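The structure displayed is predicted, hence computed values, not measured ones.
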Amino acid sequence: QVDVTAMAWLFGYVDVTDSTFIAAVLSIAFNPLFWNVVARWEHKTRALSRVFGSPRAACYCLGAVILMLNCVRSHCFTEAMKSQPKLEGLDCHWAYYSGLAILAVGTLFVISSFLALGFTGTFLGDYFGILMEAKVTSFPFSVLDNPMYWGSTAVYLGWSLM
C-alpha cells in the first residue's frame with residue numbers, strides 16, 4: 001500500500017489545473033525540445049544556413065528565437081508563481097533574501113557562461129559548424145560542468161523562493 005499523504009500535501013500547494021501553471025510547464029518543456037530539434041536538423045541538413053545565406057546569420061536568428069522563447073517561458077513562470085498558493089513558511093524575510101542570494105548566484109553563472117562562450121557558443125553555434133578554438137575552461141566552467149543549466153535552475157529556484 002502506498003502512503004499518499006506527502007502527495008496530497010503537495011497538491012494542497014500546487015494547483016495543476018491552473019492555466020498559468022499549465023502554460024509554464026508547457027513552455028519549460030517546449031523550449032529545450034525546440035532548440036535541440038532545430039539545431040540537430042540544421043546540423044544534418046544545413047537548411048537554415050542556406051535560407052539565411054550563412055551559418056553565422058542562421059545561428060544568430062536561431063539565438064534570437066531562443067531568447068524570445070525564454071522571455072515567454074519566464075513570463076509564464078512568473079504568472080504561474082503569482083497564481084499558485086504560497087507556502088506560509090516561505091512568507092518571511094529569510095526566505096526572500098535566500099531566494100535573492102540564490103538568484104544572484106544563478107545570474108552570475110548564466111552571465112559569466114555567456115561571456116565565456118560568446119553568442120554563437122551559447123546558442124548552438126557548433127551545430128552550424130561555428131566551432132570554438134579551444135574548450136572553455138575558465139570561470140564558471142572551472143567550477144561547474146554545466147554552469148548555464150545550473151545557473152538557470154538557480155535563477156528559477158531563487159525566483160520561486162522570493
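To the nearest 0.5 Å, atom CG of residue N70 and atom CD1 of residue I28 are 11.0 Å apart. Distance check, rounded to the nearest 0.5 Å: NE2 of H43 to CZ of F128 gives 11.5 Å. The distance from the CG atom of L33 to the CG atom of L26 is 11.5 Å, given to the nearest 0.5 Å. Note that OG1 of T120 is 5.0 Å distant from CZ of R56, once rounded to the nearest 0.5 Å. L90 contributes atom CG, which lies 7.0 Å from atom SG of C92 (distance to the nearest 0.5 angstrom). Note that CG of N31 is 5.0 Å distant from CG of L69, once rounded to the nearest 0.5 Å.
In the hydrophobic clustering of ILVMFWY residues, with side-chain heavy atoms under 4.5 Å counting as a link, L115 and L117 come out apart. Residues W41 and L62 fall within the same hydrophobic cluster, defined by Ile, Leu, Val, Met, Phe, Trp and Tyr side chains chained together at heavy-atom separations under 4.5 Å. A continuous path of hydrophobic side-chain contacts links V38 to F52 [ILVMFWY only; heavy atoms under 4.5 Å]. When hydrophobic clusters are built by joining Ile, Leu, Val, Met, Phe, Trp and Tyr residues whose side-chain heavy atoms come closer than 4.5 Å, directly or via intermediates, W150 is not grouped with F77. By the rule that hydrophobic residues join a cluster once side-chain heavy atoms approach within less than 4.5 Å of another member, Y127 and F114 end up as members of one cluster.
For the pair C76/V72, a side-chain contact is recorded, criterion being any heavy-atom separation below 4.5 Å from C-beta on. Using a 4.5 Å cut-off on side-chain heavy atoms (C-beta onward), V155 and T107 make contact. By the 4.5 Å heavy-atom criterion applied to side chains, S152 and V110 are counted as neighbours. Looking at heavy atoms from C-beta onward, F34 lies in side-chain contact with V65 at the 4.5 angstrom threshold.
Residues L124 and C59 approach most closely at C-SG, 4.3 Å, considering heavy atoms. The two residues I22 and T17 make their nearest non-hydrogen contact at CD1-O, 3.9 Å. Contact detail for F139 and S112: the closest heavy-atom pair is CE2-OG, 3.6 Å. Between E42 and A47, the shortest heavy-atom contact is OE1-N, 3.3 Å. Across every non-hydrogen atom of S160 and M81, the tightest pair is OG-SD, 3.6 Å. Summarising the geometry of P147 relative to F109, their closest heavy-atom pair is O-CB, 3.6 Å, with the distance given to 0.1 Å.
Looking at R73, its side chain never comes within 3.5 Å of a backbone N or O of M68 through a donor-acceptor pair. S27 contributes a side-chain N or O that, together with a main-chain N or O of A24, makes up a donor-acceptor pair within less than 3.5 Å. In terms of modelled atom types and a separation under 3.5 Å, the side chain of Q84 and the main chain of F21 share no donor-acceptor contact.
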Please report the C-alpha distance between S83 and T20 in whole Å, then the side-chain angles of each, then the deciding distance to 0.1 Å, and finally whether the side chain to side chain donor-acceptor pair (under 3.5 Å) criterion is met. CA-CA 7 Å; S83 71; T20 60; 2.7 Å; yes

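The aromatic rings of Y60 and F119 sit parallel to each other, their planes meeting at less than 30°, with 60° as the upper class boundary.
Other residues, nucleotides and ligands contribute more than 12 heavy atoms inside 6.0 Å of the CH2 atom of W159. Within a 6.0 Å radius of CZ in F30, more than 12 heavy atoms belonging to other residues, nucleotides or ligands are found.
No hydrogens or angles considered: a donor-acceptor pair under 3.5 Å links the side chains of Y156 and S74.
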